[in-house]
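First up is the structure itself, then whatever we jot down about it.
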Amino acid sequence: MAQTATHNGHLASNLNGRFARFAQGIARWSGHPAAFLLAAFIVLAWIVTGPVFDYSDTWQLVINTGTTIITFLMVFLIQNTQNRDTMALQLKLSELVLAMKGAQNKFAAVEDLSDEELEELHQECKKRAEFALDHLQRRRDTHAVPNPKTRAAAQQASAAIRRSARQR
């Protein structure tokens, strides 16, 4: 029984690998100018043959069926490629977050959070960004203050803000 499960797992992994390579190859090829030119040539040939087939329903059905089948299959190939690209990007970003000193590791796996948790995290980040912006503005204002007493008070306030931010 365990051997069958291992065998099935190997087959599934092999199939996934082959499909991924196939999907990436088709996605690369379909984005190439030659693919566009081939498609344009097929449409042009179809248009030119219109009078030959007297613009019949069958003539119209050929292009409709062909484009529908190609579109249907391309949706799955493109989705597979997009899923892989998104996962690779997420892994790269996660590695950067985990490697940064002082970064919050909870951001490394945000794609697994619920919509509500994502919204809460978004609001938290928004507040932190506003706090950072206010802090930068106060620092700019501190350096623009001509009066030495006012400058010292502004620097003390800025230091208090930094201490408060480190305590969070």
Side-chain angles (χ1 to χ4, degrees), residues 1-40 64-145 151-168:
M1 185 74 156
Q3 188 176 17
T4 303
T6 303
H7 181 69
N8 288 342
H10 179 67
L11 285 176
S13 176
N14 193 17
L15 179 64
N16 286 339
R18 286 182 183 196
F19 181 74
R21 284 190 300 279
F22 174 74
Q24 286 177 321
I26 294 294
R28 263 193 307 277
W29 181 82
S30 66
H32 196 274
F36 174 79
L37 291 175
L38 177 64
N64 289 339
T65 303
T67 55
T68 300
I69 290 170
I70 290 170
T71 302
F72 179 74
L73 295 175
M74 288 301 289
V75 164
F76 295 103
L77 294 175
I78 291 169
Q79 186 63 53
N80 176 272
T81 304
Q82 187 177 10
N83 288 348
R84 289 177 50 80
D85 289 349
T86 300
M87 179 61 76
L89 183 61
Q90 287 296 329
L91 290 170
K92 290 173 185 180
L93 290 172
S94 294
E95 179 61 21
L96 290 173
V97 167
L98 293 170
M100 286 183 59
K101 182 179 180 182
Q104 296 183 21
N105 290 346
K106 67 182 176 183
F107 287 102
V110 294
E111 65 274 7
D112 296 328
L113 297 177
S114 69
D115 289 342
E116 293 80 19
E117 291 168 322
L118 283 173
E119 183 58 34
E120 287 175 19
L121 196 55
H122 173 72
Q123 293 303 323
E124 179 185 324
C125 286
K126 191 174 171 182
K127 287 177 187 174
R128 288 173 49 201
E130 290 170 358
F131 177 80
L133 184 63
D134 289 345
H135 177 69
L136 286 173
Q137 188 60 46
R138 283 190 205 108
R139 287 188 68 181
R140 282 190 204 116
D141 293 346
T142 299
H143 295 293
V145 176
R151 181 183 301 234
Q155 287 173 338
Q156 287 175 347
S158 181
I161 290 168
R162 282 195 300 275
R163 281 193 302 276
S164 172
R166 280 193 297 261
Q167 292 172 354
R168 288 184 187 189

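Just so you know, these numbers use all the heavy atoms, side chains as well, and skip hydrogens, waters and symmetry mates.
Phe76 meets the ring pair (Phe, Tyr, Trp, His ring centres under 6.0 Å) test with Phe72; sequence neighbours excluded.
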Would Met87 and Asn83 count as a side-chain contact (heavy atoms from CB on, under 4.5 Å) here? Give the steps. CA-CA 6 Å; Met87 179 61 76; Asn83 288 348; over 6 Å; no
Steps toward side-chain contact (heavy atoms from CB on, under 4.5 Å) verdict (Leu93, Phe107): CA-CA 9 Å; Leu93 290 172; Phe107 287 102; over 6 Å; no
Derivation of the side-chain contact (heavy atoms from CB on, under 4.5 Å) call for Arg28 and His32: CA-CA 7 Å; Arg28 263 193 307 277; His32 196 274; over 6 Å; no
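Using a 4.5 Å heavy-atom cutoff, the side chains of Glu117 and Val110 are not in contact. Using a 4.5 Å cut-off on side-chain heavy atoms (C-beta onward), Asn80 and Arg84 make contact.
Rounding to the nearest 0.5 Å gives a distance of 8.0 Å between CG of Leu77 and OG of Ser30. Atom-to-atom distance recorded for Leu98:CG and Leu91:CG is 10.5 Å, nearest 0.5 angstrom. Atom CD of Glu130 sits about 11.5 Å away from atom SG of Cys125, to the nearest 0.5 Å. For the atom pair CG of Asp85 and CD of Gln24, the computed distance is 7.0 Å after rounding to the nearest 0.5 Å. Between atom CD of residue Glu119 and atom NZ of residue Lys126 there is a gap of 8.5 Å, rounded to the nearest 0.5 Å.
Taking each heavy atom of Thr81 and Ala23 in turn, the nearest pair found is OG1-O, 3.5 Å. A pairwise comparison of heavy atoms in Thr68 and Asn64 identifies OG1-O, 2.7 Å as the closest pair.
Taking a 6.0 Å sphere around CE of Met74, one finds it holds more than 12 heavy atoms contributed by other residues, nucleotides or ligands. Phe19 CZ: more than 12 foreign heavy atoms inside a 6.0 Å radius.
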